[in-house]
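This is a predicted model, so every value here is computed, not measured. The sequence lines fix the lettering, A, B, ..., with proteins before strands; numbering per chain opens at 1.
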Amino acid sequence: MDTYYKSKRTGDLIRYSLSYVVLIICAGIFIFPFLWMLSTAFKIPSEAYTLPPKLFPKTFTLDNFIEGWKYADFTRYTFNTLTVTLLATLGTVLSASFVAYGFARFKSRYNNLLFTAVLATLMLPSQVTLVPTYLLFTKMGWLDTLKPLIVPSFFGGGAFNIFLLRQFFRSIPKDLDEAAYIDGANAFQIYYKILLPAIKPALITVALMSITFHWNDYMSPLIYLNSDQNFTLAIGLQFFQNSFGSSQIQMLMAVSLITVIPVLILFFVGQRHFVQGITMTGIKG
Amino acid sequence: MKARKNSIAKREERHFFFFISPWLLGFLIFTLYPMIFSVILVFTNMDMTGSGQFIGFANIIRAFGQDPLFYKSLLNTLYFVLVSVPVSLILAFLIALLLNQKIRGVGFFRTSFYIPYITSGVAVTLLWGWIFNAQYGLINYFLSLFGISGPSWLSDTKWAMPAIIIMGVWTIGNSIIITLAGLQDIPEQLYESAEIDGANGLVKVMRITLPLVTPTLYFNLIMGIIGGFQIFMQPYILTEGGPSYATYTYMMHIYNHGFKYSEMGYASTLAWLLFIVIMIITQIVNRTSKYWVYYDN
């Protein structure tokens, strides 16, 4: 009996160490590209192209950040991206929670039918509506403005977010609403005074996912924006690359790094919520 | 009493419509109307300014009969989906399995695997362009350490698509976390009783873990297929579809016809054909699911 446990324990130890080593190697592979981006961003041109590549630059320079940032109007692009990201996220959080509250709390003959429609839109690839939506915005004179990237978020905040928040609302006992009703609160007051604070973690999850989505979004800005002054970082970066090619890679990496850093900081701050939100999708999806 | 009940029901209904009104409005403007409009577009040769005529089935005939790039882009996209989706699924499962153990620093590992997913924008795509650089790139340097002279990746017709796939697989963080959540739902007692019966690690994985996590794998598979068919940004930025259309994806074909050549009618036709292809494939997967997806009830 004793030897059985001993051999089991040794076996566990070997297995444990082995998976540890494999995990470290895998994690290294996933992280390494960022380290390379980081190191290239601080290199002088001649060193960026030396073989074998060095992870630690011999001569550290900040020129790439300064020169690269000056090369195009990146300050402007950042401002545009921030505007889109913040307003679209505000719209997403407000309207998705508002709509989810309606679906979660009120009886109607049409509740099931319309909620099925919400879920059905999840399956529809965006390409199908892409062209007519473009024509619609053109007709409204919204082309080459930030409006097409912001305004749609205020109309429900996306099927997926409605779905997620509805699940959260339903996990809160309805007695809470009823008690508030008796105290004289109306439906709207219950929504924003009682239920919104109660699902704060879920709202943070939705906000974080919305921020990373809009910050990284490429397709919509590509389609709707034409002039330099309206560009977002995604489009600005691509033009920067087109004009430099790969001849100034250290500058390209420096500017890219600056645009990635806000998302990374956000991730570290909100890590717990990120994982929680994603986990929810896995179980309830 | 009955009248009172009725008035409560009416109030509920009024509240329901009041709160869902933003979505309802958005659904009508941004989904239903574009969908109907898009069907009409299929039968016209409308351009970006919105002018054009009714041309019957000409767009559909053109796609199937007179557009070699329709087949090329569809096959390229299928290639991408058929390789990247299974590889991502298996890799995500294996990594999630490792992460599901009681391991020190699990937060660090989770972060490492998840970061590529949340940063996957233009900046990171450009980074990969540099990694795949034939002369100075990281990958070819790494291969050279083993005496292998790497291909010129993005400018080689054989290797350009594999490069895009490698980059796609690198962003599996989301699937890993979802799979991990599925794994953590499996009751510990099952493993304990299997151990008493003398099952070893591999048997436990094959007989308990794998069957019980199939619903999660199924979810990842469907999401992977739908997402995979829409691959656009990475090849568009890295190769613009080249060399010789080796990475020219279906989404790029739609984009080019709609927004470069101003053929809104034809672009809509292509979009609907893609929708049909995705529907057929997800339906096939759905049909097979009863043979391999384990459900509790």
Side-chain angles (χ1 to χ4, degrees), chain A residues 15 19-20 22-23 26-27 30-31 33 36-37 49 51-53 95 98-99 101-103 106-108 111 114 117 121 125 127-133 135 152 154-156 162 187 212 216 218-219 223 234 237-238 241 246 249 252 256 259-260 263-264 267 271 275 278-279 281-283 285, chain B residues 12-13 15-16 19-20 22-23 25-27 30-31 34-35 37-38 41 50 95 98 101 103 109-113 115-116 118-124 126-127 130-131 133 136 138 141 174 177-178 181-182 185 216 219 226 230 232-233 237 251 254 258-259 264 267-268 271-272 274-275 278:
Chain A
R15 217 184 41 173
S19 37
Y20 215 78
V22 175
L23 268 180
C26 289
F30 275 69
I31 284 298
W36 210 42
M37 186 187 226
Y49 294 94
L51 282 173
S95 68
F98 196 76
V99 172
Y101 172 62
F103 276 116
F106 299 103
K107 285 201 197 82
S108 159
N111 195 319
L114 290 176
T121 57
Q127 296 84 326
V128 171
T129 53
L130 190 64
V131 164
T133 311
L135 291 173
F154 283 84
F155 289 88
I162 296 174
T212 52
N216 290 326
Y218 174 69
M219 188 96 186
I223 289 173
L237 265 179
Q238 192 217 347
Q241 189 237 9
S246 49
I249 198 69
L252 191 64
S256 297
T259 69
V260 170
V263 184
L264 288 181
F267 178 77
Q271 203 201 75
V275 174
I278 300 308
T279 311
T281 67
I283 299 168
Chain B
E12 287 261 329
E13 186 115 10
H15 277 138
F16 172 71
F19 281 102
I20 70 152
W23 170 79
L25 217 62
F27 177 71
F30 298 117
T31 306
M35 271 178 82
F37 194 5
S38 180
L41 277 171
I95 293 175
L98 289 174
Q101 304 172 92
I103 267 182
F109 289 118
R110 256 194 334 218
T111 308
S112 318
F113 292 121
I115 279 177
I118 55 153
T119 53
S120 58
V122 173
V124 163
L126 296 175
L127 167 67
W130 177 225
I131 289 172
N133 185 294
Y136 305 101
L138 208 53
Y141 170 70
N174 208 30
I177 303 284
I178 291 175
D185 260 8
T216 312
F219 175 80
I226 295 175
Q230 303 186 45
F232 174 77
M233 177 185 71
I237 289 175
M251 194 58 219
I254 296 180
F259 302 99
M264 294 312 201
S268 288
W272 277 110
L274 177 66
F275 177 58
I278 293 177

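The side-chain hydrogen bond (donor to acceptor under 3.5 Å, both in side chains) check on A:Tyr218 picks up A:Gln238, with sequence neighbours excluded. When the side-chain hydrogen bond (donor to acceptor under 3.5 Å, both in side chains) test is applied to B:Thr111, the partners found at least two apart in sequence or on another chain are A:Gln271.
If you measure heavy-atom distances from A:Thr129 to chain B, the contacts under 4.5 Å come from both the backbone and the side chain. Heavy atoms of B:Leu98 lying under 4.5 Å from chain A belong to its backbone as well as its side chain. For B:Leu138, the parts sitting under 4.5 Å from any heavy atom of chain A are the backbone and the side chain alike. When heavy atoms are compared at a cutoff of 4.5 Å, B:Ile118 approaches chain A by way of both its backbone and its side chain. Contact of A:Leu237 with chain B is made through backbone and side chain together, with heavy-atom distances under 4.5 Å. Looking at A:Leu114, both its backbone and its side chain come within 4.5 Å of chain B, counting heavy atoms on both sides. Both the backbone and the side chain of A:Ser19 come within less than 4.5 Å of a heavy atom of chain B. Of the two parts of B:Gln101, only the side chain, counted from C-beta on, holds a non-hydrogen atom closer than 4.5 Å to a non-hydrogen atom of chain A. Proximity to chain A (any heavy atom under 4.5 Å) is shown, for B:Ile131, by both the backbone and the side chain. Contact of B:Phe259 with chain A is made through the side chain alone, with heavy-atom distances under 4.5 Å. Residue contact with chain A, scored on non-hydrogen atoms closer than 4.5 Å, involves the backbone and the side chain of B:Ile237 alike.
Aromatic ring centres of A:Phe155 and B:Phe27: separated by at least 6.0 Å. Aromatic ring centroids of B:Phe37 and B:Trp272 lie 6.0 Å or more apart.
By the 4.5 Å heavy-atom criterion applied to side chains, A:Asn216 and B:Met233 are not counted as neighbours.
Chain B forms more heavy-atom pairs under 4.5 Å with one residue of A:Gly102, A:Pro33, A:Ala117 than with any other, namely A:Pro33. Ranked by non-hydrogen atom pairs under 4.5 Å with chain B, the options A:Ala27, A:Pro132, A:Pro152, A:Ser256 are led by A:Pro132. Heavy-atom pairs under 4.5 Å with chain A were tallied for B:Ser38, B:Pro22, B:Gly121; the largest tally goes to B:Pro22. Between chain A and the residues B:Ile103, B:Leu41, B:Ile254, B:Leu25, the most heavy-atom pairs under 4.5 angstrom are made by B:Ile103.
Here CD of A:Gln127 is found 10.0 Å from CZ of B:Phe232. Values are rounded to the nearest 0.5 Å. The SG atom of A:Cys26 sits 5.0 Å away from the CZ atom of B:Phe113 when rounded to the nearest 0.5 Å.
Side chain of A:Asn111 to main chain of A:Lys107: no donor-acceptor pair is present (N/O by atom type, distance under 3.5 Å, no hydrogens or angles). In terms of modelled atom types and a separation under 3.5 Å, the side chain of B:Thr119 and the main chain of A:Val260 share no donor-acceptor contact. A:Ser108 places no side-chain N or O within donor-acceptor distance of the main-chain N or O of B:Glu13, the cut-off being under 3.5 Å.
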